[in-house]
Amino acid sequence: MRARVLVRPKAGILDPQGQVVERALPALGFSGVRNVHVGRLIELDVEDPRQLPEMCQRLLTNPLIEDYTVESLDEGGAEVRPLGELRRESA
Amino acid sequence: MRARVLVRPKAGILDPQGQVVERALPALGFSGVRNVHVGRLIELDVEDPRQLPEMCQRLLTNPLIEDYTVESLDEGGAEVRPLGELRRESA
Amino acid sequence: MSRLPKFGVIRFPGSCDEVDAQLACQRVGEAVILWHGDRDLQGVDAVVVPGGFSYGDYLRVGAIARFAPIMEEVADFARAGGLVLGICNGFQVLCEAGLLPGALLPNVSLRFVFRQVELDVASTDSPFTRACVAGERLSIPVKHTTGRYYAPEDQLACLESNDQVLLRYGPGQNPNGSLNDIAGVCNAGRNVFGLMPHPEHAVDPLTGPTGGMAIFESIRAHTDERNRALA
Amino acid sequence: MPANSASPAKHRELGLTDDEYELIVAGLEREPSDTELAMLSLMWSEHCSYKHSKKLLRRLPTEGPAVLMGPGENAGVVDVGGGLGVAFKVESHNHPSAVEPFQGAATGVGGILRDVFAVGARPIAVLDSLRFGEPAESERSRYLLDRAVAGIGHYGNSIGVPTVGGEIYFESSYEQNCLVNAMCLGLAPHDRLIRSAAAGPGNVLVLLGALTGRDGIGGASVLASAEFGDADEDKRPSVQIGDPFAEKKLLECCLELLDSELLVSLQDLGAAGLTSSSSEMAAKGGVGLDIDCSRVPVREADMEPFEIMVSESQERMLCVVEPARVEKVLAVCERWETLATPIGEVTDSGRLRVLAGGEAAADLPVEILVDDCPLYDLAPEAPAAPLYAPAPAVLTGGEPAADSLLALLGSVNIASRRPVFEQSDPVVQSRTVRRPDDADAAVLALPTGEAIAVAIDGNGRRVACEPRRGAAEAVYECAANLACVGATPLGLTNCLNFGNPEKPHVAWQLTEAVEGIAEACEVLGVPVVGGNVSLYNEAPSGPIFPTPVIGMVGRLPDPARAGRLGFAAAGDAIALVGDLTGAETVGSELAKLRGEAVAGPLPPMDEQAVRDAHGKVRSLINAGALHNAHDIAEGGIAVALAECCIAGGVGAGVTLPEGLDPFAEAPGRAFIVSGPEAALTGLAIIGRVGGDDLELAGQVKVAVSDLAAARERGLSRYL
Ligand SMILES: Nc1ncnc2c1ncn2[C@@H]1O[C@H](COP(=O)(O)OP(=O)(O)O)[C@@H](O)[C@H]1O
Ligand SMILES: [Mg+2]
């Protein structure tokens, strides 16, 4: 399956990039933009989707400071299928 | 509207981040992972969605090295709505 | 008699090497700091867009600084043939601003690298390298995380055929995976030059090799000549 | 009167003993409110109160002719002539780095930078001192190394302060408790130096910098003082994210405010956030402060007063401003895109009052926060047997000396640090005369035409063998590093990284080590101007090696003559300066590789001989007589010679003094120097520079290229 992992700064954790982008936009004449957050996008082909949560926990994200969701890109659509989370063996 | 911008390295441009992930996974016991690409995720509230393409072209992405799609996160779902692209005043 | 060149070094929020650049410029002329929010270039002969981490390098290196008010003036200045030198983050800003071709991507190592590198002068036909001898080696440090020069094939071919590559990393010296070992390129008009290495950190024998002087000497020679012509 | 009094059980969760809680209730003559309890538990934590170390620290000499500010301020300051002062301090960020190494190390640098510009100095250099478990054995240690090194580089690089030096050791005792200590130096004209004492009732308290979020809530007591074992993940405070871009603007903003003489006093926000910064400012000024929580700009909705008061959000400063100047202050901050908010005022009440919507959430006498925490006496007891298991043997002792030399050069504690220091910018600010690998100390040119030198050292293995002498050696080695570039010490800072001081053996290590530092300071006449203490670095398996880290700053007249460590010219004579009699391999790297016991005693040293050797090398360097100088430390004279050869890309032929073991260690005592023979008259000539090999007559003959290859691989293979 072609999977998409969306990685975001955990709620409440400082997101300097989001702040700077939000501050920059008005100067470019874009008004009314709020709650900007910048994260990472990872897209990959996986044979066994059940491995995805552990992959995310152990390699693709840093669970201490990042949240993530996983989507399947199959059947064209981007229908959301968040998979269950594992506890990460303490970093 | 709550919008999501997905930014990917243009096809054909070396993506060392993707390669590193791809190389690291087998060592962690994950097999059958291919075509890993790492990009950027930007989520934001916009009053006027029509501004999004220009925002992406001018600030959020660099069209020379990156492709992007925009999704609306409203009505709960993540139904894909790629918006038309503008030509960036060329270098 | 000709007056010394006057340099303007831009200070963005997050610039780090602007004072270093000012000190280097002052070895061959006069140099003032230009505030990112101003629109006055103070009649300088050459603008330096310095190294550092403008706007924290957030979102994309150089992406936000390019929109600073002063950059509009720099763009006009460049279109009118004024000399613009972009160092490291300044190179990234000039590419983002479309004043130079191509873009800079993360080092293949994905790591910040500080290293003294040997550079080959690929062309002396520019206001920035005219004081060099063809094929001359310059020892100058690099320090960046995003220095891999990239341009689409056609653009790259045209850069090469127009002799727009002014500096290349010497054999085995490429620290970031830049295409064609490109360390610095100029625009078609040859009056805008960007490079990843830091010439301003190679001008003082007390602190290391002085390979960077050639760049500043070149700019002095060029402005001398032009000022004489105008006089 | 504060509402919702705390239930007695809470104080334990917050790390206060029942006795301490009784003292609080007695002092207040009532139960503290939740907000008060949160504030008190942090101010009475080890990290803020130094309750197990304060009495010991009094033993350290702090007076010296060059001292402008000593311990007690955010950073110590020494005079470097020409109306300039150099501020410096080292601080630990061990536990945050164990939780999240990249952000932990990055915010460690951010924190020490703030301590330095809090006294009005522009940060001009960063150094770091790192300890991890054995990379060969532990994937976690490789991960911590990789991320911590990247984090340190990230912050320093992004804010434009050069990272000019540091040190790393790998020992299994650090497996569970890595050490990340960061040191910063700053430069200031005397008249810009500022203290943190609040003054002038009616003056306004202005908070500068980042929004206040739930970062590191409880950080000081949980992250920085609790034994960090397999701590329950949910108890972990939210990780602090460093924003060097915000700090860069904050830094420039603060310096402009000081240059425009707009501030009465300035203080950084570190551990325990607003609580410790405000109460320390009030205590030092003998005044009171009223703080209105509801005016503190927050990053998250509905934050409780106690959360606002103890938040450890980074990139914030607190200053006191005369009412008439507030407008000007806000204007400067605006220009630097730095948030500035009046949040309270100075009072003559002698109390710290925290208001939330008109109500007092806390109303405490300043002394109870800052002075009333009980100071504990330690119960030191020397261990009967070694506390630490020997490392697994990789050498038998039967090898030819050449093999031992190659093994030492390739060992993680001696191998090239290039893969680490290449991740940091050592040259920004155009002052760096000696970079990493150029010399034993970093050298920074001053506007006066003179220069300063700085080095950081601390070999925990030797301190573990014999705490008093081992700690003294760290001081001598730092001074020796300065001598190699021609610098005279002006002052030192230190970070005491130890285990649980309530355990008798750790108490003994700590007491002995402080004694050793104090003695060495007296021998060399170097005052201690500041430092930091990190205790409870202890895992179920036991304490870390006792690790006092010494950072020393010195002054040299002519940067152009600053010493280098590489041999320069074939034909130069090589001399041994200093007295190595009694030097042995006890506690050495070779002993480690041979799996020998971590036990003393370490060889004694003749203090006068040490002073003479340092003075000799210093004066020869400053006379421009030498082409190289390098102190003999880990790996003994053989490794020192190899390092001189590798750095210079040239060989050497040497005959060692009768009976000197090529790998014996006696740090800080002796030097390899080279130069034209005429310049070395009166010194013990032991050989010549030249050829492609390093040859120790009758013992070793190896190609310099092979030595270099071994040294290059040793650490890079793990990074
Ligand atoms: N080991 C030590 N030697 C000398 N002074 C020390 C030591 N540890 C702490 N100090 C001093 O105690 C004061 C408080 O230390 P600390 O809490 O780290 O300051 P800050 O909160 O500004 O970081 C500082 O002035 C510091 O220099
Ligand atoms: Mg402080």
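Lettering follows sequence order; numbering is per chain, from 1.
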Exercise. Check C:P13 against D:K249 and note the closest heavy-atom contact, atom names and distance.
Key: CB-CD, 4.2 Å

Quiz item: Checking D:D146 against chain C: side chain, backbone, both or neither under 4.5 Å from a heavy atom?
Solution: side chain

Quiz item: With only heavy atoms counted, which part of C:S15 is less than 4.5 Å from chain D, the side chain, the backbone, both or neither?
Solution: backbone

Quiz prompt | Pair listing, side chain to side chain donor-acceptor pair (under 3.5 Å) test, anchored in residues 331-340 of chain D, at least two apart | solution = D:E256-D:W336

Quiz prompt | C:F112 and D:E422, any side-chain heavy atoms less than 4.5 Å apart | solution = no

Quiz item: Under a 4.5 Å heavy-atom cut-off, does chain D meet the side chain of C:Y55, its backbone, both or neither?
Solution: both

Practice problem: Specify which of D:P244, D:P559, D:A150 makes the most heavy-atom pairs with chain C at under 4.5 Å. | Solution: D:P559

Quiz prompt | Residues from residues 438-448 of chain D approaching chain C under 4.5 Å (heavy atoms) | solution = D:A445

Quiz prompt | chain D neighbours within residues 192-200 of chain C, where any heavy atom lies under 4.5 Å away | solution = none

Quiz prompt | Closest-packed option against chain C by number of heavy-atom pairs under 4.5 Å, given D:N157, D:V161, D:D243 | solution = D:N157

Quiz prompt | Side chains of C:F114 and D:S424 in contact at under 4.5 Å (non-hydrogen atoms) | solution = no

Self-check item: C:F53 vs D:F245, side chain to side chain contact (heavy atoms under 4.5 Å, CB included): CA-CA, chis, key distance, verdict
Solution: CA-CA 8 Å; C:F53 289 70; D:F245 175 54; over 6 Å; no

Exercise. Could you tell me which residues in residues 17-31 of chain C have at least one non-hydrogen atom under 4.5 Å from a non-hydrogen atom of chain D, sorted by residue number?
Key: C:D17, C:D20, C:L23

Quiz item: Atom OG1 of C:T145 and atom CD of D:Q423: how far apart are they, to the nearest 0.5 Å?
Solution: 9.0 Å

Quiz prompt | Pairwise distance OG1(C:T207) to CZ(D:R435) - rounded to 0.5 angstrom | solution = 6.5 Å

Quiz item: Among C:H144, C:K143, C:H201, whose side-chain hydrogen bond (donor to acceptor under 3.5 Å, both in side chains) with D:D425 holds?
Solution: C:K143

Quiz item: Non-hydrogen atoms of chain C under 4.5 Å away: do they reach the side chain of D:L251, the backbone, both or neither?
Solution: neither

Quiz item: So which of D:S430, D:G153, D:A246, D:G160 has the biggest tally of heavy-atom pairs under 4.5 Å with chain C?
Solution: D:S430

Quiz prompt | Under 4.5 Å from any heavy atom of chain C - which part of D:S158 | solution = both

Self-check item: Within-4.5 Å side-chain heavy-atom neighbours: D:L719 and C:R111
Solution: yes

